[in-house]
Amino acid sequence: MNFEFSEEQLMLRDQARSFLAEHCPTRVVRAVLDSDDHYDASLWQQVADMGWTATVIPEAYGGLGLSYYELSIIAEELGRAVAPIPFSSSVYLASEALLAFGSETQKQQWLPKLASGELIGTVAFTETAGRLDASNIGTRFDNGALDGCKLPVADGVIADVAIVLAADSSGVSLYLADLTGQGVHRESVRTFDASRGLASLSFDGVIAELLGEQGAGITAVEQLHDRAAVLFAWEQVGLADAALEQAKQYALERFAFGRAIGSYQAIKHKLANVYVKNTLARSNGYYGAWALQANGPELKQAAATARVAGIQASTFAAEENIQTHGGMGFTWEFDCHFYYRRAKLLSLVIGSEALWQNRLVDALAPQQPVLA
């Protein structure tokens, strides 16, 4: 079976890479890190104008109706550019939640605005460290309103709408909340990657509506994370390839004892190891993209595999890039830390590597027969 992208999809990759090379050079990332801004608003609007935020949303809701192959390609190029925009929160998570669990009325109301980039979406699931389950959800929905606190919320400082996991009379459910209304309190949380605005969100009688089946919140989050994991994996593949390219370029240009450092075995082996991990992550990404588009039973296994490989490749490439640059790699003036910061953030955003390794084991475990 051929998992490679088609000729038209590869043309989209070239277009996206050229666009981001022009509109998102590393100075754009540095400008966000050097300021109090939580994202680059101009770049976000340009990306929305390109239609990327509308990629897989059906035409009936203002989208382009393309496949997850195209969205995977866009994710890869955004990762390569370390783009400081809320794309993953709004597209991989909020839009996907509405597509998967929203009623027709909810889709008609929210998806066109998310597709156009007019609104920024996010999800607010976690409150404490550890595995997400009903026992550690303190936020409650009662009498049509939400009360509680969520931390951390990716892009919570700037989001207009959130999908919130809250306890109710049936257990735990997903709720759709307008963050521009009364009762929402936001507090910025400083993290390792300040080019993405994480926040603490507090809800004090915030009006919300049920999204999906009542009492099925944990199951819905797991399904949503399986889908998002594939897209995050492609973002990590792009990041890992960019870090490898930067390391290779420096190794060819930096001379020591009359030779380019790339000619020494110690550097060659470093970069070869990065290449192997990147290639494995890309291979698993292809399988994940196919499973996501097919939406079949293979998705759980493919998503976990892609996620684990993506985390390992991106963090390893970012670390080895810094090591290849030597003492200069640790300085603010060099761009190596952009990839390291984003790799660390992406390795945790929907669960750690250990969590996804456990999910992979569960997906691979044979189903026990039901005894009569």
Side-chain angles (χ1 to χ4, degrees), residues 89 92-107 109-111 121-156 159 161-179 181-185 199-229 232 295 297 299-301 303-304 307 348-352 354-363 365 367-368 370:
S89 299
Y92 310 165
L93 292 166
S95 294
E96 280 295 310
L98 278 160
L99 283 170
F101 310 116
S103 66
E104 183 62 26
T105 300
Q106 289 170 331
K107 291 177 181 178
Q109 180 181 356
W110 296 103
L111 283 177
T122 190
V123 296
F125 297 155
T126 59
E127 300 175 21
T128 61
R131 193 177 184 94
L132 189 66
D133 58 43
S135 65
N136 55 28
I137 301 299
T139 301
R140 290 202 60 83
F141 178 83
D142 193 23
N143 295 324
L146 290 168
D147 290 280
C149 182
K150 293 293 184 178
L151 173 73
V153 179
D155 302 300
V161 60
I163 312 301
V164 183
L165 188 65
D168 55 28
S169 59
S170 299
V172 178
S173 309
L174 291 181
Y175 288 91
L176 182 63
D178 184 348
L179 300 184
Q182 294 183 340
V184 178
H185 306 282
S200 169
L201 284 187
S202 297
F203 303 97
D204 184 9
V206 176
I207 302 301
E209 56 185 285
L210 181 68
L211 183 73
E213 183 183 347
Q214 193 167 21
I218 298 297
T219 301
V221 169
E222 290 178 352
Q223 292 173 359
L224 183 61
H225 279 176
D226 281 341
R227 303 181 70 78
F232 277 116
N295 196 28
L299 179 57
K300 292 183 73 68
Q301 177 181 327
R307 174 70 174 155
L348 296 171
V349 68
I350 54 170
S352 67
L355 181 145
W356 283 95
Q357 286 176 336
N358 288 336
R359 291 185 67 163
L360 177 57
V361 170
D362 292 342
Q367 297 296 315
Q368 296 299 319
V370 178

Interatomic spacing from CG in Leu132 to CD in Glu127 - rounded to 0.5 Å:
8.5 Å
Is it the case that atom CD in Gln182 sees more than 12 heavy atoms from other parts of the structure closer than 6.0 Å?
no
Can you tell me how far the OG atom of Ser202 sits from the CG atom of Leu146, to the nearest 0.5 Å?
12.0 Å
Return a table of donor-acceptor pairs under 3.5 angstrom between the side chains of residues 165-174 and protein atoms on other chains or two or more places apart.
unit_1 : atom_1 : unit_2 : atom_2 : d
Asp168 : OD1    : Ser170 : N      : 2.9
Asp168 : OD1    : Gly171 : N      : 3.1
Asp168 : OD2    : Ser173 : OG     : 2.6
Asp168 : OD2    : Tyr175 : OH     : 2.6
Ser173 : OG     : Gly215 : N      : 2.7

Atom CG in Leu210, atom CZ in Phe141: separation rounded to 0.5 Å?
7.5 Å
Mind checking whether Leu179 and Phe203 have side chains closer than 4.5 Å, heavy atoms only?
yes
Arg307 vs Arg359 side-chain heavy atoms within contact, under 4.5 Å
no
For Thr122, enumerate each residue passing the side chain to side chain donor-acceptor pair (under 3.5 Å) test, keeping only those at least two apart in sequence or located in another chain.
none
Looking at Asp147 and Arg140, is any side-chain nitrogen of the basic one under 4.0 Å from a carboxylate oxygen of the acidic one?
no
Beyond-backbone contact of Ile207 with Asp178, side-chain heavy atoms, under 4.5 angstrom
no
Counting N and O atoms only, with roles assigned by atom type, does the side chain of Trp356 sit under 3.5 Å from a partner on the main chain of Ala303, one being a donor and the other an acceptor?
no
Over all heavy atoms of both residues, which pair between Asp155 and Ser89 is shortest? Give the atoms and the distance, please.
OD2-OG, 2.5 Å
Using the side-chain contact (heavy atoms from CB on, under 4.5 Å) criterion, which residues pair with Asp133? Sequence neighbours excluded.
Ser135, Asn136
With rounding to the nearest 0.5 Å, note down the distance linking CG in Leu98 to CG in Leu176.
6.0 Å
CD/Glu213: more than 12 non-hydrogen atoms of other groups inside 6.0 Å
no
Can you list every side-chain hydrogen bond (donor to acceptor under 3.5 Å, both in side chains) pair that touches residues 94-103, not counting sequence neighbours?
Tyr68-Glu96, Glu96-Arg227, Ser103-Gln106
Taken to the nearest 0.5 Å, the spacing of Ile163 CD1 from Phe101 CZ works out to 10.0 Å
Answer yes or no: is there a side-chain heavy-atom contact under 4.5 Å between Val349 and Tyr92?
no
Could you tell me whether Lys300 and Asp362 make a salt bridge, using a distance below 4.0 angstrom between a side-chain N and a carboxylate O?
no
Which heavy-atom pair separates Ala177 from Val206 by the least distance, and what is that distance?
CB-CG1, 4.4 Å
Which heavy atom in Ala228 sits nearest to a heavy atom in Leu93, and how many Å separate them?
CB-CD2, 3.7 Å
Under the rule for side chain to side chain donor-acceptor pair (under 3.5 Å), what residues qualify as partners of Gln357, not counting sequence neighbours?
Glu353
Report the residues that fulfil side chain to side chain donor-acceptor pair (under 3.5 Å) with Gln301, sequence neighbours left out, ordered by chain and then residue number.
none
